[in-house]
Amino acid sequence: MTGTAALIHLDNLKHNLETVRRLVGRERRICMPVKANAYGHGMVPVARAALEYGCDCLAIARTEEGLILRREGLTCPILIMGHAPEEELADLVAGKLEPYGGSPAYLEALERAADRVLPPGEMVSVHLKVDTGMGRIGYIFASPRLRLAGVCTHFPASDTDDPGDRAFTEGQLAALTEAARMIRTLPGAGENGPFLVHGANSGAVAQHGESCLDMVRPGIMLYGYEPLPQSPVGVRPLMELSARLVFAKRVPPGQTVSYGRTWRAERETWIGTVSVGYADGYNRLLSNRGKVMINGRIYPVAGRVCMDQIMVDLGPELREKVGDRVILFGPPPCPFSAADIAEELNTISYEVCCLITARVKRIYLSEGKPCIIGKEGISHGE
Ligand SMILES: *Cc1c(COP(=O)(O)O)cnc(C)c1O
């Protein structure tokens, strides 16, 4: 296996999709958010693997992300959960991406873009957000260019068990279902055809089962992090950040290590150099705080995290060899995942994964072995 890499455990993605499938049932659609390079895991391979494992459609945040998926030959519905600038709308519409939103100006701009780039009679599927777009239903039903594909909302407080937050989410859900009921009674609803009612992100899937409606959009849970750690649903992290022990040297008591001399040996000890640094996305705030796993043993980070490397205290008796694999975080058997790193840094697992930088190669594993995810599916090569 190569030097510094993010190993992506696709078996865990499969397990997580099965977990979500069990929670939401056979009838509902599962839309996997693959925005932000699939939360740092690699957008195209993760999208292909998820579709192979039974996910129904994808969601992204930016036009360019959707266009990349289309260029790679993905034909499933792709929701674009964000407001695209006007100059991107022709590409968005031509790429058959499904925009999300409801401001009058946005709908009108989409209509104009459709007039420019779509053949006569073809329509743009739009998902209307209940909080912003309700006044525009009549406009959509009357438009020859717009079709209502979904009525949706987002639950920003679904991942806490605070009673006030739970009541807030329940209120949002009531507003969403009431809006959907009302829309179905409007003139034009019949010709428009069916639309999907959706809102549930990971927190809502985990603790607001009644919010799952026609489609769910869980992200973080599919990447393997519990939206409510206090009531886990049993997902497994996909990402393992892995590097190599590249050097080891014995240091005498009193010797300092790394920039700023913030770490000092209290006894004679072995200091190992590991090929990962903040330029890989291993946060500098983990200086003197992070831990690593080598051959099943845990060692602390010694001194400041550098751009391209860290030092670890391997103890007075050297048990590891130069060249050994070092795990910075990952699914079990590593005892710390991106969620634990996030807790240490006072942030969230989303950010820890998203900030793994482009120079870190993503290596995909299925059935525990490196694999290739091509247009024809997952294969193990030679
Ligand atoms: C990112 C996103 C999601 C997924 O949220 P998670 O917390 O990762 O489950 C769902 N809906 C929208 C609109 C999003 O932007």
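Order of listing sets the numbers, starting from 1, for every ligand and every atom in it. Nothing fancy with the numbering, it's 1 onward along the sequence.
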Worksheet item: Does a side chain donor of either Ser275 or Thr4 reach within less than 3.5 Å of an acceptor in the other side chain?
Response: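 Looking only at side-chain atoms, Thr4 and Ser275 do form a donor-acceptor pair, the distance falling under 3.5 Å.
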Worksheet entry | Backbone or side-chain N or O of Met221 under 3.5 Å from ligand 1 N or O |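 Such a contact does not occur with ligand 1.
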Worksheet item: Is Arg217 close enough and on-axis enough to Phe155, meaning under 6.0 Å and within 45°, for cation-pi?
Response: no
In the protein, which heavy atom is nearest to [atom], and how far is it?
atom: atom 7 (O) of ligand 1; result: Tyr350 OH, 2.6 Å
atom: atom 10 (C) of ligand 1; result: Arg217 O, 3.4 Å
atom: atom 2 (C) of ligand 1; result: Lys35 NZ, 2.5 Å

Would you say that more than 12 heavy atoms from the other residues, nucleotides or ligands in this model lie under 6.0 Å from the [atom1] of [X], or not?
X: Glu27; atom1: CD; value: no
X: Arg29; atom1: CZ; value: no
X: Glu87; atom1: CD; value: yes

Worksheet entry | Closest to atom 9 (O) of ligand 1 (judged by heavy-atom distance), picking from Ser202, Ser349, Pro227 | Ser202
Worksheet item: Does Thr153 reach the main-chain N or O of Gly199 with its side chain, forming a donor-acceptor pair under 3.5 Å?
Response: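 No: the side chain of Thr153 does not pair with the backbone of Gly199.
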Need the ligand 1 atom indices (1-based, order shown) with element for anything under 4.0 Å from a heavy-atom of [X].
X: Asn201; value: 5 (O), 9 (O), 10 (C)
X: Pro218; value: 9 (O)
X: Ile220; value: 6 (P), 8 (O), 9 (O)
X: Tyr39; value: 1 (C), 4 (C), 5 (O), 6 (P), 8 (O)

Discussion item. If the contact criterion is a heavy-atom separation under 4.0 Å, does Met81 count as touching ligand 1?
Written reply: yes
Discussion item. Using a strict threshold of under 4.0 Å (side-chain N to carboxylate O), is an ion pair present between Glu367 and Lys14?
Written reply: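 Salt bridge absent between Lys14 and Glu367.
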